[in-house]
Amino acid sequence: MTDAYRIGEAAKALGVRVETLRRWEREGKLSTRRTRGGQRVVAASEVARLLAERHGRQPIAAGSARNRFPGVITEIKRDELSATVEIQAGPHRVVSLITREAADELGLKPGMQAIATVKATSVMVEVS
């Protein structure tokens with residue numbers, strides 16, 4: 001397990017340029033240290049902190065999925081790891097299984113408006 005990344009490795013992990021990390025260092029947003037050979041390295045904990053901060057700031061983007069069903073959340077069942085979310089979308093009841101963490105981060109509650117986005121590689125059809 002790595003306890004520090006060379007600045008190029010840290011930039012790649014964060015999806016930014018090395019120059020950005022140097023600017024962040026000058027601005028006090030990033031802490032680095034120098035090796036005995038003079039190479040700049042970034043602690044793994046700093047990379048993890050920046051990844052967490054960047055992840056938290058990214059808005060949910062509009063998707064390209066065609067099957068979007070706007071509706072209202074009617075029920076949420078949570079256990080330790082997962083959650084089922086039931087959405088009444090017009091005459092359709094859509095149930096989704098997501099992680100508990102995702103449900104908590106989105107602040108999902110019955111009565112909230114939501115959009116069920118369906119993207120599937122196969123659909124089963126039965127005739128009665």
Side-chain angles (χ1 to χ4, degrees):
M1 189 168 162
T2 303
D3 65 338
Y5 294 89
R6 290 182 302 209
I7 194 160
E9 295 170 329
K12 185 175 180 181
L14 291 163
V16 298
R17 297 176 53 178
V18 170
E19 292 80 10
T20 301
L21 293 186
R22 290 183 180 138
R23 180 173 42 84
W24 288 354
E25 181 183 23
R26 285 191 306 272
E27 294 171 354
K29 295 179 182 178
L30 172 69
S31 190
T32 65
R33 65 178 172 80
R34 299 271 184 171
T35 65
R36 289 183 185 170
Q39 289 184 321
R40 185 179 279 129
V41 293
V42 181
S45 59
E46 279 287 277
V47 172
R49 178 184 64 80
L50 289 168
L51 281 170
E53 286 176 6
R54 289 171 58 88
H55 173 70
R57 280 190 263 136
Q58 294 177 350
I60 296 172
S64 63
R66 296 179 182 170
N67 301 319
R68 297 167 55 89
F69 300 96
V72 175
I73 296 174
T74 56
E75 185 176 25
I76 299 174
K77 294 179 184 173
R78 290 176 167 92
D79 66 18
E80 285 185 38
L81 298 175
S82 62
T84 56
V85 181
E86 182 175 310
I87 298 174
Q88 190 65 41
H92 307 287
R93 177 178 159 259
V94 181
V95 179
S96 176
L97 176 66
I98 62 175
T99 64
R100 163 108 191 214
E101 181 182 15
D104 292 344
E105 284 181 8
L106 290 169
L108 299 182
K109 297 177 186 155
M112 289 179 71
Q113 291 186 356
I115 298 172
T117 303
V118 179
K119 196 164 188 174
T121 56
S122 64
V123 176
M124 305 303 229
V125 177
E126 293 183 24
V127 178
S128 53

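The residues of the chain are indexed from 1 along the displayed sequence.
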Would you mind writing out the side-chain donor-acceptor pairs for residues 27-38 within the sub-3.5 Å range, not counting sequence neighbours?
from	atom 1	to	atom 2	distance (Å)
Glu27	OE1	Lys29	NZ	3.3
Thr32	OG1	Glu25	OE2	2.3
Arg34	NH1	Gly38	O	2.9
Thr35	OG1	Gly37	N	3.3
Thr35	OG1	Gly38	N	3.4
Thr35	OG1	Gln39	N	3.0

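- With rounding to the nearest 0.5 Å, the separation of OH in Tyr5 from CG in Leu14 is 9.0 Å.
- Each salt bridge (Lys or Arg N to Asp or Glu O under 4.0 Å) pair with one or both residues in residues 85-95, not counting sequence neighbours, appears once here: Glu86-Arg93.
- Heavy atoms only, all atoms of each residue included: Ser82 and Leu97 are closest at CB-CD1, 3.8 Å.
- Listed by chain and number, the residues in a salt bridge (charged side-chain N to carboxylate O under 4.0 Å, His left out) with Arg78 are Asp104 (sequence neighbours excluded).
- Remark: Arg40 CZ is packed, more than 12 non-hydrogen atoms of other residues, nucleotides or ligands lying under 6.0 Å away.
- Scanning both residues, Ala103 and Ala83, for their nearest heavy atoms gives CB-CB, 3.9 Å.
- Minimum heavy-atom separation, Pro110 to Thr74: CB-O, 4.0 Å.
- A donor-acceptor pair under 3.5 Å is absent between the side-chain atoms of Glu46 and the main chain of Ala43, judged by distance alone.
- Both Val18 and Leu50 are part of a single hydrophobic cluster, where members link through side-chain heavy atoms under 4.5 Å apart.
- The minimum heavy-atom distance between Leu21 and Ile7, with the atom names listed, is CD1-O, 3.6 Å.
- Shown here for Ile87 and Ala114, the closest heavy-atom pair between the two residues is CD1-CB, 4.0 Å.
- A distance of 4.5 Å separates CG in Leu108 from CD1 in Ile76, rounded to the nearest 0.5 Å.
- The environment of Glu75 atom CD is dense: over 12 non-hydrogen atoms of other residues, nucleotides or ligands sit within 6.0 angstrom.
- Of the candidates Val85, Leu106, Ile73, Val72, Ile73 is the only one forming a side chain to side chain contact (heavy atoms under 4.5 Å, CB included) with Met112.
- Within a 6.0 Å radius of CD in Gln113, other residues, nucleotides and ligands contribute 12 heavy atoms or fewer.
- With values rounded to the nearest 0.5 angstrom, Arg17 atom CZ is found 10.5 Å from Arg22 atom CZ.
- Smallest separation of non-hydrogen atoms from Ala10 and Val47: CB-CG2, 3.9 Å.
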